[in-house]
Amino acid sequence: MSVAPTPATPANDMRESELQALGGDGQAAFQQRLGRLTAALDILPDKPEETPYSALRALWLLAEGNALSIHAAADTPLRPLHAAQLSALDALIARRIGGEPTAYLTGKQRFMGLELLASPEALIPRAESELLGQAAAQKLRAMAAGSAAPPIVIDVCCGSGNLALALAHAVPQAQVHGADISDTAIALARDNTRQLGLESRVTLHTGDLLAPFGTAFAHKVDLLVSLPPYISTAKMDTMPREIVGHEPHLAFDGGPFGVRILMRLIREAPPLLRPGGWLGMEVGLGQGPAMVQLLEKHPAYDRVETVCDAGGAVRAVLAQAAA
């Protein structure tokens with residue numbers, strides 16, 4: 001299987017009604033600050049939703065008192081800002097140019113259509129992770145349609161809860177469990193769960209990888225997914241300052257070769273998966289072929305599928321437990 005959805009990105013022009021509402025002074029204020037961001041802002045390729053224009057829209061609305069993700073800001077009309085608000089906007093722009101991620105400034109990030117809370121306690125959900133999310137949701141829908149029992153899902157390294165919550169939202173029959181080793185990440189995931197009203201179907205656990213799931217889950221899990229750390233330790237210091245200076249290192253560091261958690265998942269998932277259940281993992285650039293090879297040789301799995309990005313690189317691997 002090869003899937004390569006293109007995330008929607010906010011448009012880069014204003015509506016006529018918006019231009020009229022801003023007036024000449026508001027338009028001039030916007031264009032002046034857009035020029036500043038365009039000249040100074042480094043845009044990371046793993047955040048395709050962000051441009052100087054889309055970032056400015058989100059920060060403009062935040063200065064007004066309306067905290068929204070970049071995607072939500074694209075659909076929210078801008079209004080003129082008074083002098084104090086413009087000063088607040090300039091301070092936000094300075095922080096953004098200094099490397100502070102827009103999602104941490106606004107406290108919001110969209111993932112698979114869900115408006116989520118974002119904070120430095122957890123990794124900012126990436127558009128590229130929707131590749132695994134969409135493939136996993138497709139598997140989960142098929143399972144739910146073919147069984148009277150609610151499918152059981154486990155998401156480990158769940159961070160802010162974005163993947164667990166997206167799957168619960170996509171498949172109302174599913175009972176979803178999220179786990180992370182970070183207490184602060186789980187606290188953020190709980191806030192997101194409450195915000196979305198999914199407390200009855202999403203249970204969160206703190207612990208190392210699959211440690212929170214014992215014999216009660218043995219061979220009962222329909223889908224086990226993870227967006228794990230997969231950057232090698234040696235590469236951590238070479239990553240952009242926007243990442244290493246603000247996002248939690250624990251969410252990126254995948255050990256000496258970047259595959260420590262991926263290897264553990266391959267080894268430790270089989271005792272939890274039911275026959276025919278699925279393991280789904282996001283992988284780093286270049287890691288896909290090796291993970292596919294390992295899974296194909298492992299006796300606990302009998303089918304392996306890949307999900308590729310728009311450039312043809314494997315970004316997620318799914319393996320079905322042997323019957």
Side-chain angles (χ1 to χ4, degrees), residues 46-47 58 62 65-72 95 99-127 129-130 132-133 136 152-170 174-214 216-217 221 223-231 236 242-254 260-261 264-265 272 281-282:
D46 64 350
K47 295 175 182 174
L62 182 59
N66 195 3
L68 299 169
S69 71
I70 281 178
H71 281 95
R95 290 169 66 185
E100 198 165 345
T102 300
Y104 287 165
L105 291 170
T106 64
K108 299 291 179 64
Q109 178 75 356
R110 185 167 292 186
F111 183 79
M112 290 182 66
L114 300 180
E115 190 82 351
L116 299 172
L117 301 172
S119 80
E121 278 67 46
L123 181 75
I124 297 168
R126 267 42 175 198
S129 297
E130 294 188 5
L132 174 61
I152 297 174
V153 181
I154 289 177
D155 172 22
V156 292
C157 307
C158 73
S160 65
N162 53 299
L163 182 55
L165 294 166
L167 293 174
H169 184 265
Q175 289 293 326
V176 181
H177 296 262
D180 200 286
I181 198 169
S182 167
D183 290 322
T184 54
I186 287 296
L188 178 60
R190 286 200 176 96
D191 289 341
N192 274 318
T193 302
R194 283 192 292 268
Q195 175 185 259
L196 296 171
L198 291 170
E199 303 100 311
S200 64
R201 294 195 295 109
V202 177
T203 305
L204 297 166
H205 313 256
T206 303
D208 179 32
L209 212 59
L210 297 175
F213 308 103
F217 289 85
V221 177
L223 177 65
L224 197 162
V225 293
S226 184
L227 303 171
Y230 52 68
I231 305 298
M236 289 292 293
E242 180 177 330
I243 294 176
V244 296
H246 297 277
E247 298 192 65
H249 285 210
L250 192 63
F252 288 100
D253 192 345
R260 178 178 58 198
I261 303 301
R264 283 188 60 191
L265 284 167
L272 294 179
M281 309 179 296
E282 184 177 54

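Note: hydrogens, waters and symmetry copies are ignored here, and every other heavy atom, side chains too, is used. Computed from a prediction, not measured in an experiment: that's the story for all the values here.
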Do [X] and [Y] have side chains that get closer than 4.5 Å, going by heavy atoms?
X      : Y      : answer
Leu204 : Thr193 : yes
Arg110 : Ile70  : no
Val225 : Ile154 : no
Phe213 : His205 : yes
Ile261 : Cys157 : yes
Asp155 : Leu165 : no
Val153 : Val221 : no
Pro229 : His249 : no

Margin query: Is it the case that the side chain of Asn192 and the backbone of Leu117 share a donor-acceptor pair, with hydrogens and angles ignored and the cut-off at 3.5 Å?
Written below: yes

Note to self: Between Ser226 (side chain only) and Val156 (backbone N and O only), is there a donor and an acceptor less than 3.5 Å apart?
What the structure shows: yes

With rounding to the nearest 0.5 angstrom, report the [atom1] to [atom2] distance, [X] to [Y].
X      : Y      : atom1 : atom2 : result
Ile152 : Leu272 : CD1   : CG    : 10.5 Å
Gln175 : Leu167 : CD    : CG    : 13.0 Å
Thr203 : Leu198 : OG1   : CG    : 11.0 Å
Arg201 : Leu196 : CZ    : CG    : 10.5 Å
Glu130 : Leu227 : CD    : CG    : 10.5 Å
Leu116 : Asn162 : CG    : CG    : 6.5 Å

Checklist line | Working for side chain to side chain contact (heavy atoms under 4.5 Å, CB included), residues Leu132 and Leu163 | finding: CA-CA 9 Å; Leu132 174 61; Leu163 182 55; 4.2 Å; yes

Notebook entry, point to check: Run the side chain to side chain contact (heavy atoms under 4.5 Å, CB included) check on Leu224 and Leu210 step by step: do they pass?
Noted result: CA-CA 10 Å; Leu224 197 162; Leu210 297 175; 3.8 Å; yes

Heavy-atom pair of closest approach, residues [X] and [Y]:
X      : Y      : value
Ala189 : Gly159 : CB-O, 3.6 Å
Ser129 : Glu282 : OG-OE2, 2.9 Å
Lys47  : Pro101 : NZ-CB, 3.9 Å
Ala136 : Leu223 : O-CD2, 3.8 Å

Margin query: Tell me if the CG atom of Leu209 is crowded by more than 12 foreign heavy atoms within 6.0 Å.
Written below: yes

Checklist line | Neighbour count above 12 (heavy atom, 6.0 Å) for His169 NE2 | finding: no

Next item on the list: Take Thr184 and Ile186 through the side chain to side chain contact (heavy atoms under 4.5 Å, CB included) test and state the conclusion after the steps.
Entry: CA-CA 5 Å; Thr184 54; Ile186 287 296; over 6 Å; no

Notebook entry, point to check: Which residues pass the side chain to side chain contact (heavy atoms under 4.5 Å, CB included) test with Arg260, sequence neighbours left out?
Noted result: none

Next item on the list: Evaluate the criterion side chain to side chain contact (heavy atoms under 4.5 Å, CB included) for residue pair Gln195 and Leu114; output intermediate values, then yes/no.
Entry: CA-CA 11 Å; Gln195 175 185 259; Leu114 300 180; over 6 Å; no

Item checked: Partner set under side chain to side chain donor-acceptor pair (under 3.5 Å) for Thr102, not counting sequence neighbours -> Glu50, Arg96

Next item on the list: Before accepting this row, confirm whether a basic side-chain N of the pair Glu199/Arg190 lies closer than 4.0 Å to the acidic partner's carboxylate O.
Entry: no

Determine all donor-acceptor pairs shorter than 3.5 Å in which one atom belongs to a side chain in residues 119-127; sequence neighbours excluded.
unit_1	atom_1	unit_2	atom_2	d
Ser119	OG	Glu121	N	3.3
Ser119	OG	Glu121	OE1	2.5
Arg126	NE	Asp46	OD2	3.0
Arg126	NH1	Ile124	O	2.9
Arg126	NH1	Glu247	OE1	2.8
Arg126	NH1	Glu247	OE2	3.1
Arg126	NH2	Asp46	OD2	3.2
Arg126	NH2	Glu247	OE2	2.9

Note to self: Under 3.5 Å, is there a donor on one side chain and an acceptor on the other for Glu115 and Ser69?
What the structure shows: yes

